[in-house]
Each structure stands twice: as C-alpha cells, then as structure tokens.
Amino acid sequence: MSKYTKEDIFQIVEDEDVAFIRLQFCDLFGVPKNIAIPSSQLEKALNNECMFDGISIDGFTRDDESDMYLYPDLDSFEIYPWRPQAGKVARMFCNVYTSDNKPFSGDPRSILQKVLNKAKDLGINFKVNPRLEFFLFDYDDNGNPTASTKERAGYFDVAPLDQGENVRREIILNLEEMGFNISSSHHEIAPAQHEIQFDEEDALRTADMIMTFRMAVKTIAKKHGLYATFMPKPVEGISGSGMHLSFLAQDNDGKNVFVAEDGSLSVTAKYFIAGVLAHAKGMTLITNPIVNSYKRLVPGFDAPVNISWSSTSNGRSALIRIPSRKGDATRIEVRNPDATCNPYLAIALILAAGIEGISQKLTPPAELTETIKGISFDQTNASNVDILPMTLGEAINAFRGDSFGKEVLSESVYQKILDAKKAEWKEFRTCITKWEIDKYLNNF
C-alpha cells in the first residue's frame, strides 16, 4: 500500500512551503544525479513527463535514443532538513523510463526491483539493514580535502577524544527527520573513523536510504569544517571503512524464513548463504568497485578476506556472519561491501545470488569455526579456504568469468561496467606511485 498519493504530495508542498523538488536517480556507478524543478512544475513531474538527455550519464545511453523520462516514487518524497527552511527543498527518487514507456534496462533502481519481484514470486520479502563507516578529515588551507586529522580517538571513545561526536549527532537528527530509524552510532577503530547503523527496511528503500545517507554525511560534515569520505582505505596501516549489509527474509505472513522452528539457522538460510558464497568472487567488482577497495580487503584488519561463513563469535573474519540476535531477528550479514558501491546493484546481486541458492537448494561449505582474521594470504590459501580477489584486476577477471552477473544486470550493463573498470585498472597500472619512487629510484 502506497504511503502518498499525488494529492498528498501537492498538499505537503503547499503546507511546507517547498520551493524546489529534486528528481533523483543515479548512474551505473552509484553517483547521484538529479533534475531540480520549481514547485510550479510538480504536476508535470507527477505525471511522469520530466525528460532528460541520458547521453552524458554513465551507462544510460542506448544506441537508438537518449531521451529518457523520470517516474517519481511518491513514497520517497522527503524534505531536506539541512536546506533553508524558507523555500524548502524536497526530493523524490525516480525510476528511469525510455520514451516508449518501458523501464530503462540500465537503471540501477529498476534492476534491483526486478530481483525483488523474483523474490516475491517465491513468497519472500527481503529487508536490509546497513552499517556504514566513514572518515571525517580536515581541509587544507586552500579548502581542499586531505586524509589528515588531529584526532586520536579509537573504538567507542567519547568526547573530547571523539571530535566528531557533534557531527554524528547532527547527521542523526537530520536523518531521523527524513524517516530513518537510527539504531546506533559510535567512533570506530581508526582515528576520525565513525559508524552509523540504521534499522532494517525493505530492500529498495534501504538502497535509497544509503544514497541519502552518503549525501547527508558529506553535506553536514562540511558545515562543521570537515571532509567526510567513504573511501575504503584512505590511510595506510589503519582499519578501512566498509558497509556491512544484513539481510532479513520474511514470508507473506511476516515470518522470518531464516530461522527454523527450534531457533537454529533454517535450511533456507543455508541455501541463501551457499548462493552468495558461490558468486562472491564474481560479485566483488560490484560490491567493492574501485582500486582502493582492495587495500581494505587484506589480512590483519577488520575486513573479510576469505570466502566463508560462520555463526560463532569468530565470525568477524568470515565473509558472511550470522549475528548473535536470533529468533525473529535472525539475519545474514555480508561483510565485504564498501560504501563506494552502487547500493542498488550490490544489493541486487547479493539477493539474486541468495535466491539462486534457495531455488537450486545449494549446500554451503563447512562453517568456519576458527578465527583466521590475522593470517596472511598464503596461510589462507594453505587452509583450503578460498579468498576474495586481491586487486581490481582480479575482480575484473572474476566478474568476467561468472555469467551470473550478466544474467542479473543485463548484457548491456555488464559490458559497460566491465569496460569502465578495465579502463580504471589500466589507468592505475600505468600510474607511477610515490611508493615506487621511494622504493626504487635511489637503488636503480
């Protein structure tokens, strides 16, 4: 059942003195885009008549046309609380359609919706709750962002050591005005690193919320004179930032299908785990999409390296962990994604892999019962536990070697992502880094 009707939107815009509405979408790589319209054009937008030229949007062009239309999701209407309160700014997330009134195959939101429709056909409704980590760094004297901080706080520290406490507070208050149910926030392991977690929501809304979250964090941090980054590993030698995604599955009666009658992990949950692990390598290009992502996925830090699962207290070294909350709260946490990913595509692929596992009744590997958090890549290999790609180049090869990604994303989207990431990897491989100069220039 819809939350809002067209009439509701008109009334809210009038009552709240909303001057502008942003019609928001994103490109294939999760970069937010929007068209801002004055409230006088709202009727046109609600009638799906707002058009844009997709030729300059990564992954959005078709061979035969570039005219595309934005179909707003009325239930996503929210007012930005951090914008001026006189002449307010609101936004609606949109699905992208072609000029012949069909969903555009390159629209990440539509790709996720297709996967969710397939889940509904199986009688399963998925909810997701994310935990996002980020850094708050200083600007230099010229106003450029740096990877430096004067803060020295650590895990769960409080003010005055935690110098970002007030920033987190304002972020949370703004997000709660936008309908977020924030479950917790705290200082993370590394200096200037923070985490905010919000409660589970329907998978599509969660992806929308992640997009909003990233915008809110960056905008509010800048008001406090700090630069917020979701870059996975901005500083060498400390923990990186991830985006853990916990999945909860319910049947049409609202019963959690990941828990058995005796409270243990259900067979359905194990099928889901098996499906995700089977395609973990191939999905990594989407869940961890940039060169820097693989500087985080290394042994010795709080990030998974091996393709395994665990329901024990040692599970934090596994790719998939079963959190300690059981019963109706039982969920499956996937720990390798980071917040540079396109959340629609990352959630779509993880869910599609889990659905495949359920449909085909796949059997997961033996559960990991020992911690292997601190061991090297070579030791991991010797333990017969498979590992995630170690570089973007390896992730590209894994993505190319698993037809699953092409089936979920469509051949066109698959190829565009592959081409873009191959170009990124080539650019990195031909770049001469400071490390190379320091290491070799004086010796050779």
Side-chain angles (χ1 to χ4, degrees), residues 1-3 24-26 28 30 32 73-76 78 92-96 103 107-132 175 178-183 197-214 242-259 268-269 271-273 275-276 279-280 283 286-287 320 323 328-339 341-359 404-405 407-409 413:
M1 183 177 177
S2 295
K3 176 181 173 183
Q24 189 172 334
F25 58 103
C26 73
L28 280 184
D73 179 346
L74 304 189
D75 289 347
S76 69
E78 295 287 352
M92 287 184 284
F93 285 101
C94 300
N95 292 328
V96 180
D107 174 26
R109 206 169 188 268
S110 296
I111 290 170
L112 175 54
Q113 187 62 67
K114 284 176 62 177
V115 173
L116 296 175
N117 290 341
K118 186 173 181 179
K120 286 182 180 179
D121 290 341
L122 296 174
I124 300 176
N125 301 296
F126 284 103
K127 293 187 175 183
V128 186
N129 84 276
R131 293 164 49 203
L132 291 98
L175 291 175
M178 298 185 73
F180 282 61
N181 291 315
I182 304 296
S183 55
Q197 178 177 191
F198 35 98
D199 288 344
E200 67 271 4
E201 295 280 354
D202 291 338
L204 186 62
R205 172 164 163 75
T206 295
D208 289 342
M209 293 169 78
I210 290 170
M211 296 294 295
T212 301
F213 182 89
R214 296 190 305 202
M243 182 178 72
H244 302 168
L245 297 171
S246 293
F247 295 87
L248 186 148
Q250 297 175 328
D251 63 21
N252 292 329
D253 295 323
K255 181 181 178 182
N256 189 332
V257 301
F258 282 165
V259 62
T268 300
Y271 293 155
F272 184 94
I273 290 168
V276 174
H279 295 293
M283 293 190 294
I286 303 300
T287 57
I320 290 178
D328 287 341
T330 299
R331 61 202 64 208
I332 294 170
E333 181 185 52
V334 181
R335 295 175 54 79
N336 67 304
D338 64 60
C341 73
N342 182 321
Y344 301 99
L345 299 186
I347 292 173
L349 279 177
I350 293 170
L351 288 179
I355 290 168
E356 180 183 283
I358 294 170
S359 299
F404 166 79
E407 294 166 5
V408 177
L409 301 176
V413 169

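If you read the sequence from its start, that first residue is 1, and numbering goes on from there.
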In this structure, CG of Asn129 is separated from CG of Asn181 (nearest 0.5 Å) by 11.0 Å

What residues, two or more places apart in sequence or in another chain, satisfy side chain to side chain donor-acceptor pair (under 3.5 Å) together with Arg214?
none

Tell me the salt bridge (charged side-chain N to carboxylate O under 4.0 Å, His left out) pairs involving residues 342-355, sequence neighbours left out?
none

Got a sec, which residues hit side chain to side chain donor-acceptor pair (under 3.5 Å) with Thr287, two or more places apart in sequence or on another chain?
Asn336

Heavy-atom nearest pair, Met243 first then Cys341, reads CE-SG, 3.5 Å

Calculate, to the nearest 0.5 Å, the distance between atoms CG and CD belonging to Leu175 and Glu78 respectively.
10.5 Å

For Val259, is there any backbone N or O sitting under 3.5 Å from a side-chain donor or acceptor partner on Thr330?
no

According to side chain to side chain contact (heavy atoms under 4.5 Å, CB included), who are the partners of Asp251, at least two apart in sequence or on a separate chain?
Asp253, Lys255, Val257

I'd like to know if the side chain of Ser110 reaches the main chain of Pro103, judged simply by a donor and an acceptor atom lying under 3.5 Å from each other, with no hydrogens or angles considered.
no

On a heavy-atom basis, the closest approach of Phe25 and Cys94 is CB-O, 4.1 Å

List for me each residue that meets side chain to side chain donor-acceptor pair (under 3.5 Å) alongside Gln113, sequence neighbours excluded, and say none if there are none.
Asn117

According to side chain to side chain donor-acceptor pair (under 3.5 Å), who are the partners of Thr268, at least two apart in sequence or on a separate chain?
none

Less than 4.5 Å apart, side chain to side chain, heavy atoms only: is that true for Glu200 and Thr206?
no

How far apart are the closest heavy atoms of Pro343 and Ala207, and which atoms are they?
CG-O, 3.8 Å

Closest heavy-atom contact between Phe258 and Ala249?
CZ-CB, 3.6 Å

By side chain to side chain contact (heavy atoms under 4.5 Å, CB included) - contacts of Gln250 (at least two apart)
Lys127, Leu248

Apply side chain to side chain contact (heavy atoms under 4.5 Å, CB included) to Cys26 and list each qualifying residue two or more places apart in sequence or on a separate chain.
Pro108, Met211, Asn342, Tyr344

Residues that Glu333 engages under side chain to side chain contact (heavy atoms under 4.5 Å, CB included), provided they are two or more places apart
Arg131, His244, Ser246, Arg321, Pro323, Arg335

Within the 4.5 Å heavy-atom criterion, are Phe180 and Thr212 side-chain neighbours or not?
yes

Pair up each side-chain donor or acceptor in residues 347-359 with any protein partner under 3.5 Å, not counting sequence neighbours, and list the distances.
{"from": "Glu356", "atom 1": "OE2", "to": "His279", "atom 2": "NE2", "distance (Å)": "2.6"}
{"from": "Ser359", "atom 1": "OG", "to": "Ile355", "atom 2": "O", "distance (Å)": "3.0"}

Once you round to the nearest 0.5 Å, how far does CG of Leu132 lie from CE of Met209?
10.5 Å

So the salt bridge (charged side-chain N to carboxylate O under 4.0 Å, His left out) pairs with at least one residue in residues 108-121 (sequence neighbours excluded) are Asp73-Arg109, Arg109-Asp208

Mind listing the closest non-hydrogen atom pair of Leu116 and Ala203 along with its distance?
CD2-CB, 3.7 Å

Write down the atom of Ser183, the atom of Asp199, and the distance for their closest heavy-atom approach.
CB-OD1, 3.0 Å

Do Asp107 side-chain atoms and Asn95 backbone N/O form a donor-acceptor pair below 3.5 Å?
no

Between CZ of Phe213 and CE of Met178, what distance do you get to the nearest 0.5 Å?
12.5 Å

Please lay out, stage by stage, how Leu74 and Lys3 fare under the test side-chain contact (heavy atoms from CB on, under 4.5 Å).
CA-CA 8 Å; Leu74 304 189; Lys3 176 181 173 183; over 6 Å; no

Going by the rule ring-ring contact (aromatic ring centres under 6.0 Å, His included), which residues pair with Phe247 if we only count those two or more places apart in sequence or in a different chain?
none

Separation of Leu245 CG from Ile210 CD1 (nearest 0.5 Å)
5.5 Å

